[in-house]
Amino acid sequence: MRAIRMTAPGVLEQVEAPTPTAGPGEVLLRVGAVGACHSDLHILDAPAGLFPVPMTLGHEIAGTVDQLGPGVTGWSAGDRVAVYGIIGCGRCRACLRGAENQCRVVPVGGIGLSRDGGLAEHVVVPASRLLHVGEMDLAQAAPLTDAGLTPYHAVELARDRLRPGTSCVVIGIGGLGHMAVQVLVATTAVRIIAVDTSVAALDLASRLGAHDVVQAGPDSVDRIRALVGPPPDGADVVLDFVGADPTLTTARQVVATGGQVLLVGLAGGTLPVRPVADEPPTVPLETAVEVPFWGTRAELQEVIALARSGQLQADVQTFPLAEAPEAYELLRRGEIHGRAVIVP
Ligand code: NAD
Ligand code: ZN
Ligand code: ZN
């Protein structure tokens, strides 16, 4: 079968690979669609040794069940499914509570992260990772598994502060951020302020229901403060889907006293937390800082339900498998709007 593999750190290429077979408890899927996540670029850019090579990338997968491995029951060939990408140990304190995204044994274990992912004609996954998606277009289903799930989980973590009448700043309206705006519209009554460097991304945010948009630049802190109030007031919640030094500086300067910053983006910035008396504090007092990772299987089921009810829809740009490397180049240059989805 054809597969798009990281064959060495930084090298992504199409190869001919043997079609895998489903082992005990596993299922062979015919891949229907795979989202191209910015994290794949971080994986490609990571130093040697952090991720296995060669490895097929792709952790946002939807497809149809092809063959069942030994011992698998409850699924049939032809079932249309989305794949929950995390594979926790299943036995630690976190996994037993359903928080496989906090697994204490395999902290970033998953499909397309520590074993072959979905950028191929077929992929083998544990049957326990499958969720039904019904008749939904698979190119719509794939982005739900990360671009939808990760913001949904972040919003869940901020739920206590996202009361009617509060404000939420969303930084980075790309694959994750444009889904975050929709999750906020569908599940809260907060004022949404979208921030991005790209005008096209801000147009998308407005179309999806953001109340205000601010183009990121030297004056973005002042412009956001004009909307949410100056310190000690500010945004009740800031969702940062970039995570670079400039966006984290914006986040800590616009968050309200007692607010919450959720650092989702992995661009490598630092958020200093220093509540001292003799210097200005780096974050307002009583600020909660969280570093969410992906989400839970139960949350993914809710995300799929939100999509099936018509309240969550990825803005999708599709590419055939052979063009996956080009899609990632466009993503790197900031030229994808919404989510790029590869259709093998
Ligand atoms: P993306 O490339 O689709 O979107 C990024 C958006 O940020 C783009 O619209 C871009 O214009 C905007 N942007 C870039 N620099 C900016 C700046 N300085 N100020 C304002 N906006 C800026 O990426 P994505 O796939 O949505 O992923 C976003 C980030 O989240 C990546 O770092 C990815 O690795 C990370 N991620 C984290 C998790 C997690 O569980 N923590 C899960 C998935 C992705
Ligand atoms: Zn991802
Ligand atoms: Zn575990």
Side-chain angles (χ1 to χ4, degrees), residues 34-46 57-61 85-113 117-118 142-143 145-154 157 169-181 194-205 213-218 220 224 239-251 262-269 290-296 314-315 317 327-328 330-341:
V34 191
C37 179
H38 207 111
S39 298
D40 294 326
L41 298 178
H42 299 315
I43 293 172
L44 281 165
D45 295 345
L57 289 186
H59 55 265
E60 264 188 15
I61 307 169
I86 297 176
I87 306 179
C89 75
R91 291 179 296 276
C92 74
R93 181 183 297 274
C95 284
L96 288 174
R97 294 176 62 90
E100 289 170 271
N101 56 332
Q102 297 172 7
C103 178
R104 297 182 181 196
V105 178
V106 205
V108 272
I111 298 153
L113 300 177
T145 63
D146 179 10
L149 174 58
T150 301
Y152 186 85
H153 174 65
L157 292 177
V169 170
V170 183
I171 305 176
I173 311 296
L176 272 64
H178 91 290
M179 299 295 266
V181 170
V195 181
D196 203 294
T197 42
S198 144
V199 172
L202 294 177
D203 287 347
L204 177 59
V213 298
V214 172
Q215 188 171 14
S220 30
I224 297 168
L239 296 168
D240 186 345
F241 293 109
V242 180
D245 282 330
T247 60
L248 289 169
T249 302
T250 301
L262 296 109
L263 166 45
V264 181
L266 305 173
E290 300 213 40
V291 187
F293 177 59
W294 221 332
T296 68
D315 195 81
Q317 218 174 314
Y328 281 105
L330 291 171
L331 184 64
R332 199 186 277 287
R333 295 206 297 269
E335 289 171 17
I336 297 289
H337 299 119
R339 196 52 137 192
V341 172

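Every heavy atom of this structure was used, including side-chain atoms; hydrogens, water molecules and symmetry mates were not. Remember, it's 1-based here, ligands and their atoms both numbered in the order they're listed.
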Looking at [X], which atoms of ligand 1 are within less than 4.0 Å of one of its heavy atoms?
| X | result |
| --- | --- |
| Thr150 | 38 (C), 39 (C), 40 (O), 42 (C) |
| Leu331 | 2 (O), 3 (O) |
| Ser39 | 33 (C), 34 (O), 35 (C), 36 (N), 43 (C), 44 (C) |
| Ala216 | 19 (N), 20 (C) |
| Gly174 | 3 (O), 4 (O), 6 (C), 9 (O), 26 (O) |
| Ile173 | 9 (O) |

Original post:
Are Cys37 and ligand 1 in contact, using a heavy-atom cut-off of under 4.0 Å?
Top reply: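 Distance cut 4.0 Å: Cys37 passes for ligand 1.
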Distance-only N or O hit between ligand 1 and [X], under 3.5 Å:
| X | value |
| --- | --- |
| Asp146 | no |
| Leu266 | yes |
| Thr247 | no |
| Pro246 | no |
| His42 | yes |
| Gly172 | no |
| Val264 | yes |

Return the closest protein heavy atom for [atom] as residue, atom name and distance.
| atom | value |
| --- | --- |
| atom 22 (C) of ligand 1 | Val242 CG2, 3.5 Å |
| atom 11 (O) of ligand 1 | Asp196 OD1, 2.6 Å |
| atom 25 (O) of ligand 1 | Arg339 NH1, 2.6 Å |
| atom 27 (O) of ligand 1 | His38 CB, 3.4 Å |
| atom 40 (O) of ligand 1 | Trp294 N, 2.7 Å |
| atom 29 (C) of ligand 1 | Phe241 O, 3.2 Å |
| atom 26 (O) of ligand 1 | Leu176 N, 2.8 Å |
| atom 30 (O) of ligand 1 | Gly265 CA, 3.5 Å |

Original post:
What part of Phe293, side chain, backbone, both or neither, has a heavy atom within less than 4.0 angstrom of ligand 1?
Top reply: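 Within the 4.0 Å criterion, Phe293 contacts ligand 1 through backbone and side-chain atoms alike.
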**OP:** Pick one of side chain, backbone, both or neither for how Pro292 approaches ligand 1, counting any non-hydrogen atom pair under 4.0 Å.
**Re:**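 Under 4.0 Å from ligand 1, Pro292 contributes backbone atoms alone.
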Using 0.5 Å steps for rounding, measure from the [atom1] atom of [X] to the [atom2] atom of [Y].
| X | Y | atom1 | atom2 | value |
| --- | --- | --- | --- | --- |
| Thr247 | Asp240 | OG1 | CG | 3.5 Å |
| Asp146 | Leu176 | CG | CG | 5.5 Å |
| Trp294 | Asn101 | CH2 | CG | 10.0 Å |
| Ile171 | Thr250 | CD1 | OG1 | 5.5 Å |

Subject >> His59 near the Zn ion (ligand 2) via N/O/S, less than 2.8 Å >> reply: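 Coordinating: yes.
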Subject >> Where the Zn ion (ligand 3) is the vertex, angle from Cys92 SG to Cys89 SG to 10° >> reply: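 About 110°, to the nearest ten degrees.
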**OP:** Kindly report the SG-the Zn ion (ligand 3)-SG angle for Cys95 and Cys103 respectively, rounded to 10°.
**Re:**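 Output for this angle: 100°, rounded to tens.
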Non-hydrogen side-chain atoms of [X] and [Y] separated by less than 4.5 Å:
| X | Y | result |
| --- | --- | --- |
| Phe241 | Pro151 | yes |
| Cys103 | Val106 | yes |
| Ser198 | His337 | yes |
| Arg339 | Gln317 | no |
| Val341 | Glu60 | no |
| Ser220 | Gln215 | no |

Original post:
Is it the case that more than 12 heavy atoms not belonging to Arg333 sit under 6.0 Å from its CZ atom?
Top reply: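 More than 12 heavy atoms, drawn from other residues, nucleotides or ligands, come within 6.0 Å of this atom.
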Original post:
Under the 3.5 angstrom rule, does the side chain of His178 hit a backbone N or O of Gly174 as a donor-acceptor pair?
Top reply: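 The answer is yes, because a donor-acceptor pair under 3.5 Å joins these two groups.
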Subject >> the Zn ion (ligand 2) - closest N/O/S atom in Asp146 >> reply: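 Relative to the Zn ion (ligand 2), the closest nitrogen, oxygen or sulfur of Asp146 carries the name OD2.
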Subject >> Residues Arg332, Asp40: salt bridge by 4.0 Å N-O rule >> reply: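 Asp40 and Arg332: not salt-bridged.
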